[in-house]
Amino acid sequence: MEQKWLEIHISVPAAAVDLVCHELAALGSTGVQVFERKLDTFVVPDPEADAPDTYPLQAYFAATEDQAELAQRISEALAPLHAAFPGNWSDPRMVPVAGDDWAEGWKQHFPVFRVGGLVVRPSWEEVTPASGEVLVTLDPGMAFGTGTHGTTRLCLEVLVETLAAQENAPRVLDVGTGSGILAIAAAVLGAAQVVACDIDEEACRVAAENAAANGVADAIEITVRPLEELGSGFDIVLANILAEENVRLAAELVARLTSGGTLILSGILQEKEALVRKGFAPFALAGPQVSYRDEWVCLTYRRVG
Ligand SMILES: C[S@@+](CC[C@H](N)C(=O)[O-])C[C@H]1O[C@@H](n2cnc3c(N)ncnc32)[C@H](O)[C@@H]1O
């Protein structure tokens with residue numbers, strides 16, 4: 001059968017996952033999947049790949065790519081990350097995939113999932129929501145956030161719970177919106193206004209497409225403007241960005257909250273929990289409420305000052 005796609009298989013340290021996805025997307029990958037380590041069907045060439053801090057990824061490229069040239073570009077793009085994130089890296093492995101295999105192999109990793117009354121589905125899955133359920137449709141694009149990653153799931157769980165407890169429709173700020181999944185979830189669940197920012201223009205473009213596909217484009221302002229330019233008075237602030245980035249932005253994140261507002265921080269490896277707690281300790285915050293998934297932690301604070 002004619003080859004239609006090239007899969008790149010690579011295992012990378014957990015802390016580097018987000019940045020590797022970003023680099024592969026920038027190189028032209030039409031989608032990157034991050035697998036749970038225990039996925040038995042994933043063949044990882046590196047015997048170290050089962051180490052607790054390592055994730056297997058699969059990136060998809062058009063088969064028209066010159067394989068040798070693509071391998072070279074990937075090596076060059078990831079070299080700085082090797083230096084910044086020491087750990088178990090496997091060499092990228094190229095796997096040409098025939099059309100039919102691609103179609104099924106790709107789709108089986110984006111299952112429909114539910115968080116509270118929220119149902120997240122890829123566009124090819126038909127779902128009839130039960131009474132009281134709200135549907136979000138997301139296609140895997142080049143931006144992070146299909147909902148299958150532990151950090152996204154943690155944020156969604158806390159977001160759904162926090163929205164349900166609000167007396168009035170809240171204003172929500174989503175810092176590092178990626179695919180827009182959290183902002184879209186907030187909008188469909190009744191937020192009065194959502195502002196979603198990302199430093200990556202491509203992420204903003206994908207988020208805007210996803211917002212339009214869910215009929216909430218008018219409810220979400222999507223912007224590349226930096227956090228410090230985004231005003232204040234938000235009842236809920238979400239930041240699913242790396243631990244160090246959360247700490248760096250701590251004062252700016254807290255300043256955007258109303259008194260009594262909820263701050264939901266994720267993208268934090270469990271080994272970095274103490275670092276983030278320390279970074280937010282100087283502020284007038286109650287909490288955190290803590291939730292865990294895989295290696296990740298989500299810290300939820302309430303502004304008291
Ligand atoms: C882990 S992804 C989260 C995507 C989505 N919010 C989710 O929960 O699945 C992190 C996103 O934050 C963006 N990002 C990283 N640092 C940022 C910053 N300082 N300000 C805004 N966006 C940032 C990245 O470009 C990336 O799209």
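Note: hydrogens, waters and symmetry copies are ignored here, and every other heavy atom, side chains too, is used. Counting starts at 1 for both ligands and their atoms, following the listed order. Position 1 is the first residue of the sequence, and the numbers go up from there.
Using a 4.0 Å heavy-atom cutoff, L182 is listed among the residues neighbouring ligand 1. In this structure, T151 falls outside the shell of residues with a heavy atom less than 4.0 angstrom from ligand 1.
The atoms of ligand 1 that sit less than 4.0 Å from any heavy atom of D200 are 25 (O). When each atom of ligand 1 is checked for a heavy atom of G178 under 4.0 Å away, the hits are 4 (C), 27 (O). The atoms of ligand 1 that sit less than 4.0 Å from any heavy atom of L249 are 19 (N). The contact set between ligand 1 and E245, taken as ligand atoms under 4.0 Å from a residue heavy atom, comprises 16 (N), 18 (C), 19 (N). Counting the atoms of ligand 1 from 1 in the order shown, those under 4.0 Å from a heavy atom of I181 are 7 (C), 9 (O).
Looking at G150, A203, G176, A185, it is G176 that brings a heavy atom closest to atom 11 (C) of ligand 1. Here atom 1 (C) of ligand 1 lies nearest to N240 when heavy atoms of L159, L253, N240 are compared. With atom 23 (C) of ligand 1 as the reference point, the heavy atom nearest to it among T177, V17, I199, L238 is part of I199. When I241, V224, D198 are ranked by how near their heavy atoms come to atom 26 (C) of ligand 1, first place goes to D198.
In this structure, R303 forms no cation-pi arrangement with F283, as its terminal cationic atom is not both closer than 6.0 Å to the ring centre and no more than 45° off the ring axis.
Under a 4.0 Å N-O distance rule, the pair E76/R73 does not qualify as a salt bridge. One finds no salt bridge joining R205 and E201 here, because no Lys/Arg side-chain nitrogen approaches an Asp/Glu carboxylate oxygen to under 4.0 Å.
Q270 places a side-chain N or O within donor-acceptor distance of the main-chain N or O of D294, the cut-off being under 3.5 Å. No donor-acceptor pair closer than 3.5 Å links the side chain of R256 to the backbone N or O of F234. Between the side chain of D198 and the main chain of G178, a donor-acceptor pair closer than 3.5 Å is present. Side-chain atoms of R302 do not come within 3.5 Å of backbone N or O of L285 as any donor-acceptor pair.
When the shell of 6.0 Å around CD of E229 is examined, it contains more than 12 heavy atoms from other residues, nucleotides or ligands.
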